[in-house]
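All figures in this text were calculated on a predicted structure; none of them were measured in a lab.
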Amino acid sequence: MKTILIVEDDVSLNKGIMLTLAQDGLNIRQAYDISSAERIYNEEPIDLIILDINLPDGNGLEFCESVRQRSQVPIIFLTANDLEVDIVTGLELGGDDYITKPFSLMVLRARVMAVFRRADPERADKMEIDDLSFDFGKMEFRKADQSILLSRTEQKLLKVLLMNRGNILTREQLMDKVWGKEAEFVDENALTVTVKRLRAKIEDHPSEPTYIKTIYGLGYAWMGTNES
């Protein structure tokens, strides 16, 4: 089980982040200032830090710099500072991502999962969700222990949706990510057809999908969350 350290002095926000991420089976440690964050970090293994910049007893940027002298644990900055210089400084000091307040907790969750996937490329190629098993490296896909045959286009679409779980992707974004430079020459119905075929292979009830949701007027999103 991965452990996340939340360093945020706003008690309500800290709790909200904790409750959101705990739903994914993550172990959460909470700190409200740098001194408690240092103590927790030195006492136990931490897999990711969510770090506010403005803290009661110091600056999160300095804590990041101190951590970077000891490890490459992923760090996501969380702050009200949206000035370009703050963003650049945070990233140059070793931050892996930067989210400004106010923000959606679901967006933060998606960013956290994305950082974990980048830190563990093999995991990004292998996923198990409910009775679905996907191995993109070996191109082996199964549903309830039955093999599923996916075309290359269906595989690309599936992976893009999975890598952006919980996020809405517009039709334009999906076309670009799946077909790349050829997207402008692809029939506009190609995406609709590919989604329909993919649903038919992985959904129990394709007309009432559990995973690949249509967000009317916007695009599509993978909404299944029971991942192992």
A.B. asks: Between atom CG of L191 and atom CD of Q173, what is the distance when rounded to the nearest 0.5 Å?
C.D. replies: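 The CG atom of L191 sits 11.5 Å away from the CD atom of Q173.
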
A.B. asks: Using side-chain heavy atoms (C-beta onward) and a distance below 4.5 Å, is V112 in contact with I76?
C.D. replies: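 Side-chain contact under 4.5 Å: yes.
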
A.B. asks: Using modelled atom types and a 3.5 Å cut-off, is there a donor and acceptor pairing between side-chain atoms of E203 and backbone atoms of Y211?
C.D. replies: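 It does hold such a pair.
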
A.B. asks: Is L91 reachable from V73 through a run of I, L, V, M, F, W or Y residues, each pair having side-chain heavy atoms under 4.5 Å apart?
C.D. replies: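 Hydrophobic grouping puts V73 with L91.
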
A.B. asks: Given the rule in the side chain to side chain contact (heavy atoms under 4.5 Å, CB included) test, do I17 and Q30 qualify, once you have shown the distances and angles that lead to the verdict?
C.D. replies: CA-CA 10 Å; I17 296 171; Q30 294 170 275; over 6 Å; no

A.B. asks: Could you check if a side-chain atom of L26 sits within less than 4.5 angstrom of a side-chain atom of M113, using non-hydrogen atoms only?
C.D. replies: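 L26 vs M113: side chains touch.
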
A.B. asks: Using only atom types and a distance under 3.5 Å, with no angle test, would you say the side chain of N14 pairs donor to acceptor with the backbone of A31?
C.D. replies: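 Present.
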
A.B. asks: Do K143 and D204 sit within salt-bridge range, that is, some charged N less than 4.0 Å from a carboxylate O?
C.D. replies: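 Counted as a salt bridge, because a side-chain N and a carboxylate O are separated by less than 4.0 Å.
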
A.B. asks: Can you tell me how far CG of L169 sits from CE of M163, rounded to the nearest 0.5 angstrom?
C.D. replies: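 These two atoms lie 11.5 Å from each other.
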
A.B. asks: What heavy-atom pair brings A37 and F63 nearest, and what distance separates the two atoms?
C.D. replies: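 Where A37 meets F63 most closely, the heavy atoms are CB-CZ, 3.9 Å.
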
A.B. asks: At what distance, to the nearest 0.5 angstrom, does CG of L150 lie from CD of E140?
C.D. replies: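 That separation rounds to 12.0 Å.
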
A.B. asks: Assess the residue pair V195 and L174 against the criterion (side chain to side chain contact (heavy atoms under 4.5 Å, CB included)); give the C-alpha distance rounded to whole Å, side-chain angles, the decisive distance to 0.1 Å, and a yes or no.
C.D. replies: CA-CA 11 Å; V195 168; L174 286 169; 5.8 Å; no

A.B. asks: For R68, check side-chain hydrogen bond (donor to acceptor under 3.5 Å, both in side chains) against everything at least two apart and list the hits.
C.D. replies: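 Here the qualifying residues are D96.
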
A.B. asks: When rounded to the nearest 0.5 angstrom, what distance separates CZ in R29 from OG1 in T3?
C.D. replies: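 R29 atom CZ to T3 atom OG1 measures 8.5 Å (nearest 0.5 Å).
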
A.B. asks: Should the heavy atoms of other residues, nucleotides or ligands under 6.0 Å from NZ of K156 be counted, would the total exceed 12?
C.D. replies: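 No, because the 6.0 Å sphere around NZ of K156 holds 12 heavy atoms or fewer from other groups.
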
A.B. asks: Can you give me the closest heavy-atom contact between D47 and P74, atom names plus distance?
C.D. replies: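 What the structure gives for the nearest pair is O-CD, 3.1 Å.
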
A.B. asks: Looking only at heavy atoms, what is the nearest atom pair of G95 and C64, with distance?
C.D. replies: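 Smallest heavy-atom distance, with atoms named: N-SG, 4.3 Å.
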
A.B. asks: Members other than Y32 in its cluster, when Ile, Leu, Val, Met, Phe, Trp, Tyr link by side-chain heavy atoms under 4.5 Å?
C.D. replies: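 Members other than Y32 - counting any ILVMFWY side chain reachable under 4.5 Å - are V11.
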
A.B. asks: Are any side-chain N or O atoms of K201 and backbone N or O atoms of R197, one a donor and one an acceptor, separated by less than 3.5 Å?
C.D. replies: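 Answer holds: no.
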
A.B. asks: Looking at L5, I75, I46, which hits side chain to side chain contact (heavy atoms under 4.5 Å, CB included) with V67?
C.D. replies: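 Considering L5, I75, I46, a side chain to side chain contact (heavy atoms under 4.5 Å, CB included) with V67 is found only for I75.
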
A.B. asks: Verify whether one side chain among S35 and R39 offers a donor that lies under 3.5 Å from an acceptor in the other.
C.D. replies: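 On atom types as modelled, these side chains do not qualify, holding no pair under 3.5 Å.
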
A.B. asks: Within this structure, what is the CD1-CG distance for the pair I6 and L21, rounded to the nearest 0.5 Å?
C.D. replies: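 Interatomic distance, I6 CD1 to L21 CG, rounded to 0.5 Å: 5.5 Å.
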
A.B. asks: Regarding T192 and N189, do their side chains bring together a donor and an acceptor under 3.5 Å, going by distance alone?
C.D. replies: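 No, no side-chain donor-acceptor pair sits under 3.5 Å.
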
A.B. asks: Nearest heavy-atom pair of S71 and Y41: which atoms, and what distance?
C.D. replies: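 Result for this residue pair: OG-OH, 2.6 Å.
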
A.B. asks: Among the clusters formed by ILVMFWY side chains lying less than 4.5 Å apart, do L132 and M139 turn up in the same one?
C.D. replies: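 L132 clusters together with M139.
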
A.B. asks: Closest heavy-atom contact between M175 and D187?
C.D. replies: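 Taking every non-hydrogen atom into account, CE-O, 4.2 Å.
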
A.B. asks: L61 and T89: side chain to side chain contact (heavy atoms under 4.5 Å, CB included), yes or no, with the steps?
C.D. replies: CA-CA 8 Å; L61 294 171; T89 301; 4.0 Å; yes

A.B. asks: With a 4.5 Å cut-off on side-chain heavy atoms, are L13 and F103 touching?
C.D. replies: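 Answer yes - side chains close enough.
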
A.B. asks: Is any side-chain heavy atom of T214 closer than 4.5 Å to one of R199?
C.D. replies: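 R199 reaches T214 side chain to side chain.
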
A.B. asks: Do other residues, nucleotides or ligands put more than 12 heavy atoms under 6.0 Å from the NZ atom of K177?
C.D. replies: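 12 or below, so no.
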
A.B. asks: Among residues at least two apart in sequence or on other chains, which ones pass ring-ring contact (aromatic ring centres under 6.0 Å, His included) with F141?
C.D. replies: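 Scan of F141 (ring-ring contact (aromatic ring centres under 6.0 Å, His included), adjacent residues dropped) gives F136.
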
A.B. asks: How many angstroms lie between CG in L218 and CZ in R171, if you round to the nearest 0.5 Å?
C.D. replies: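 The distance works out to 12.0 Å.
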
A.B. asks: Output yes when a side-chain donor or acceptor of T20 lies under 3.5 Å from a complementary backbone atom of G16, and no otherwise.
C.D. replies: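 Flag set: sc T20 to bb G16 pair under 3.5 Å.
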
A.B. asks: Passes side chain to side chain contact (heavy atoms under 4.5 Å, CB included), I212 versus W222? Steps please.
C.D. replies: CA-CA 5 Å; I212 305 175; W222 181 282; 3.8 Å; yes

A.B. asks: Should L105 and V107 be counted in the same cluster of Ile, Leu, Val, Met, Phe, Trp and Tyr side chains packed under 4.5 Å apart?
C.D. replies: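 Unlinked, L105 and V107 end up in two clusters.
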
A.B. asks: Is it the case that over 12 heavy atoms from other parts of the model lie below 6.0 angstrom from the CZ atom of R70?
C.D. replies: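 Correct, the count exceeds 12.
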
A.B. asks: Please check: side-chain N/O of D10 versus main-chain N/O of S12, any donor-acceptor pairing under 3.5 Å?
C.D. replies: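 Checking the backbone N and O of S12 against the side chain of D10, a donor-acceptor pair under 3.5 Å is found.
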
A.B. asks: Given N164, which partner from the list L162, L161, V160 fulfils the side chain to side chain contact (heavy atoms under 4.5 Å, CB included) test?
C.D. replies: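 For N164, the side chain to side chain contact (heavy atoms under 4.5 Å, CB included) test succeeds with only one of L162, L161, V160, which is V160.
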
A.B. asks: Where is the tightest heavy-atom contact between L51 and L55, given as atom of each residue plus distance?
C.D. replies: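 Scanning both residues, the minimum pair turns out to be CD1-CD1, 4.2 Å.
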
A.B. asks: Kindly work out whether a path of hydrophobic side-chain contacts (I/L/V/M/F/W/Y, heavy atoms less than 4.5 Å apart) joins L19 to L48.
C.D. replies: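 L19 and L48: one cluster.
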
A.B. asks: Does the side chain of Y98 reach to within under 4.5 Å of the side chain of T79, using non-hydrogen atoms?
C.D. replies: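 The answer is yes, as the side chains (C-beta and beyond) meet within the 4.5 Å cut-off.
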
A.B. asks: Between I28 and I4, is there a side-chain heavy-atom distance shorter than 4.5 Å?
C.D. replies: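 With C-beta onward as the side chain, the pair touches.
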
